[in-house]
Amino acid sequence: MLAREWRLLLLACRMLTRIPAARAIDHASPIGPASVRYYPFVGVLVGLVGAVAFAAAHAPLGAPLAAIFAVAATALATGALHEDGLADTADGIGGGRTAERALEIMRDSRIGTYGVLALILATAAKVFALAALPLWTGAAILVAAHGLSRWSIVLAIATARYVRDSGTASPVAGPVSPASHAVAGATALACLALVGAVTGPAAMLGALAGLALGHLAIRAAFQRKLGGYTGDCLGATQQASEIGACLGLVACV
């Protein structure tokens, strides 16, 4: 049992980060769908990378530069996987008149105007939100927002239809089991508890409200256009949810 859970965690790390984990496990392994239970936990690990960078740079360089280092560190940890998904989703939704054309645009490795604009705005929102926060509040929201935004991915997988025949997200597309919901949800609750402990209940609720708004807004955009999700859409969901959580916290601190 423990060996299987460890394999699921490693597979989740392989899917979401540049950590050289689970290389012996087939990317399309039958246990792929079950690995989504550890997506929020992997998000916590990514957030810890950002929190360490933020804390290390805060005193010598100041909050704005520390925020830039933190955002850069999390992007490096994931290989900018989710940022790439956000850019492709923006290009597809913005440039495709039909679902078929949008999906075709999203497969193109080149980035377009909508994608560039989405990346600039997303990066600016994250940097300015972190720069507005005290050291330990910023560190806490980095950990929590990255964990919660990967929970947002799990919810999207569980409640929307995968619209491609194959693709990056195809190994994890499908029903999310009650056990996976329980593990992912427990991690999300721990993230909320961390925010509440550091900032108080009002800021915790603000982060949760921002997360929900970010999730619903991006879901409304891509589901209306595509009728479901792709791997790129999951990346966009993570980014929108992370930004929403950060902005919701800033509004209530």
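Values below: all heavy atoms of this structure, side chains included; hydrogens, waters and symmetry mates excluded. Please read all numbers here as calculations on a predicted model, not as lab measurements.
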Looking only at side chains, do Thr187 and Arg37 share a donor and an acceptor under 3.5 Å apart? no
Step by step, work out the side chain to side chain contact (heavy atoms under 4.5 Å, CB included) result for Arg161 and Gln223. CA-CA 9 Å; Arg161 180 177 66 92; Gln223 284 199 208; over 6 Å; no
Can Ser241 and Ser149 be counted as having a side-chain donor-acceptor contact under 3.5 angstrom? no
Thr78 vs Glu83 side-chain heavy atoms within contact, under 4.5 Å: yes
Treating Asp91 as the side-chain partner and Gly115 as the backbone partner, does any N or O pair qualify as donor plus acceptor under 3.5 Å? yes
Taking all atoms of both residues into account, what is the closest heavy-atom pair of Ala51 and Val143, and its distance? CB-CG2, 4.0 Å
Please determine, by modelled atom types, if Ser180 and Ser177 share a side-chain donor-acceptor pair under 3.5 angstrom. yes
Rounded to the nearest 0.5 Å, what separation is found between the CG atom of Leu45 and the OG1 atom of Thr17? 8.5 Å
Closest non-hydrogen atom pair, Leu16 against His82: CD2-CE1, 3.9 Å
Does any N or O in the side chain of Ser35 come within less than 3.5 Å of the main-chain N or O of Gly32, such that one atom is a donor and the other an acceptor? yes
Please name the pair of heavy atoms, one in Cys191 and one in Ala144, separated by the smallest distance, quoted to 0.1 Å. O-CB, 3.6 Å
Heavy-atom side-chain contact between Leu194 and Val198 under 4.5 Å: yes
Does the Lys225 side chain pair with the main chain of Gly96, one donor and one acceptor, at a distance under 3.5 Å? yes
Ala203 and Cys252: which non-hydrogen atoms are nearest, and at how many Å? CA-CB, 3.8 Å
Given 3.5 Å as the limit, does a donor-acceptor pair link the side chain of Asp232 with the main chain of Asp88, or not? no
Once rounded to the nearest 0.5 Å, what's the spacing between atom CD1 of Ile157 and atom OH of Tyr39? 5.5 Å
Verify ring pair (Phe, Tyr, Trp, His ring centres under 6.0 Å) between Tyr229 and Tyr162, making sure each step is shown before the conclusion. CA-CA 5 Å; Tyr229 73 91; Tyr162 188 61; 5.4 Å; yes
Residue pair Arg164 / Thr230: nearest heavy atoms and the distance that separates them: NE-CG2, 3.8 Å
Beyond-backbone contact of Val42 with Leu9, side-chain heavy atoms, under 4.5 angstrom: yes
I'd like to know if Arg101 pairs up with Glu104 as an ion pair, taking the criterion as any Lys NZ or Arg NE/NH1/NH2 lying under 4.0 Å from an Asp or Glu carboxylate oxygen. yes
Over all atoms of both residues, closest heavy-atom pair of Ala87 and Ile111: CB-CD1, 3.7 Å
Member of His215, Gln239, Arg219 meeting the side chain to side chain donor-acceptor pair (under 3.5 Å) criterion with Ser152: His215
